[in-house]
Amino acid sequence: MVDRTGSRDVGTMTLRVHRVTWEAPGVVSVDLRDPDGGVLPRAEPGAHLDLQLPGGLVRQYSLCGDPADDRVYRIGVLEVAGGRGSGFVHGALRPGQLVTVGGPRNNFSFDPADSYVFVAGGIGVTPLLPMVREAARAGRPWTLHYCVRSAARAPFLEELSALPGGEVVLHASAEGTRLSVERLLAEPRDGVLVYCCGPERLMTAVEVAAAHWPAGSARFEWFVPRSDARAAAGEDGDAPVEVVCARAGITVPVPPDVSILDALAGQGVDVPCSCQQGICGTCETRVIEGEPDHRDSILTEAERAAGKTMMVCVSRARSPRLVLDL
Ligand code: FES
């Protein structure tokens, strides 16, 4: 199995809610610990947990604690109107309760660089917080451009502002300060990595503004499928595809209106999955032969072009046949 972080088959574990903290209007953080006080699997900056909730709900939340603290996982959760996952976290999750989590998994790896530019929009700051902390710890210069409605609505602002070696630049739309990503990224800089998480409009703007930077300089974490991926997933006229499971030794026909993941499950080939939207990476599967039609929001352009791996929950095929490492 494949994972760009090196740990694909992460299981589930039971953790205890240790603390729920109000961070900003509509945002709480939740500290999770091993019920016996044990050490937790290492979570690198950018990692997320799958939080399993009543009714079979599974939601992905970025870890926003200190990666060096191996006894606590902290997630930050924004209450979304009508959101069942965030509604449960805000309305029902209390200290002392036990929860089941999957992971940690990481599709947003934090790589060494000379310096860092972080661009966060609202709750998108959560996966960036451990990265800022790590950059500060490594003595690498960093700047966080933090886009919010107002300073009062910026979760973790005080904590971020206390980190050494860099600067938090707040762009508060209600206070008349807006970030120009075009200006920010006008000059490509060698050795600088740009990490961005926030609403799609912000991430698309950063992607466009950084298009002339060295390949791979700008990295993104998508909380919801990007709209071009959603559009591709909704396309009519998908061709059927034949999927050969190399290890299981079976061939599975996939009709146009059925996902590869579901067709495989129908034939008894269960691929681990979580979001089924192409944003969590749980169903990532190695491609041995054939050309995938990528419709996820995780793989980079280079990874897409290499075609060595695919998210079988949403992606299809450009070739009539795929041979997968299943
Ligand atoms: Fe989340 Fe496929 S199940 S990417």
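Excluded from the calculations below are hydrogen atoms, water molecules and symmetry mates; all remaining heavy atoms, backbone and side chain alike, are included. Start at 1 and go down the list; that is how both ligands and their atoms are numbered.
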Quiz item: With a cut-off of 2.8 Å, does any N, O or S atom of Cys275 fall short of it relative to atom 1 (Fe) of ligand 1?
Solution: yes

Practice problem: Identify whether the distance between the nearest side-chain nitrogen and carboxylate oxygen of Asp293 and Arg316 falls below 4.0 Å. | Solution: no

Self-check item: Arg226 and Glu207 ion-paired at < 4.0 Å
Solution: yes

Quiz prompt | Which of the ligand 1 atoms, numbered from 1, are nearer than 4.0 Å to a heavy atom of Gln276 | solution = 1 (Fe), 3 (S)

Quiz item: Is a salt bridge present between Asp238 and Arg295, judged by a nitrogen-to-oxygen distance below 4.0 Å?
Solution: yes

Quiz item: For ligand 1, which atoms have a heavy atom of Cys313 less than 4.0 angstrom away?
Solution: 2 (Fe), 3 (S), 4 (S)

Quiz item: Salt bridge or not for Glu187 and Arg189, using N-O below 4.0 Å?
Solution: no

Quiz item: Below 2.8 Å, any N, O or S contact between Cys280 and atom 1 (Fe) of ligand 1?
Solution: yes

Practice problem: Around atom 4 (S) of ligand 1, find the nearest protein heavy atom and jot down its residue, atom name and distance. | Solution: Gly281 N, 3.2 Å

Practice problem: Answer side chain, backbone, both or neither: which part of Ile279 comes under 4.0 Å from ligand 1, heavy atoms only. | Solution: backbone

Quiz item: So, are Asp50 and Arg59 salt-bridged, with charged N and O less than 4.0 Å apart?
Solution: no

Quiz prompt | Numbered atoms and elements of ligand 1 in range of Ser274, under 4.0 angstrom, heavy atoms | solution = 3 (S)

Quiz item: Atoms of ligand 1 less than 4.0 Å from Gly278 heavy atoms?
Solution: 4 (S)

Quiz item: Less than 6.0 Å separating the ring centroids of Tyr146 and Phe118?
Solution: no

Practice problem: Heavy atoms only: give me the nearest Cys280-Ser274 pair and the separation to one decimal. | Solution: SG-CB, 3.7 Å

Quiz item: Got a sec: is Cys273 within less than 2.8 Å of atom 2 (Fe) of ligand 1 via an N/O/S atom?
Solution: no

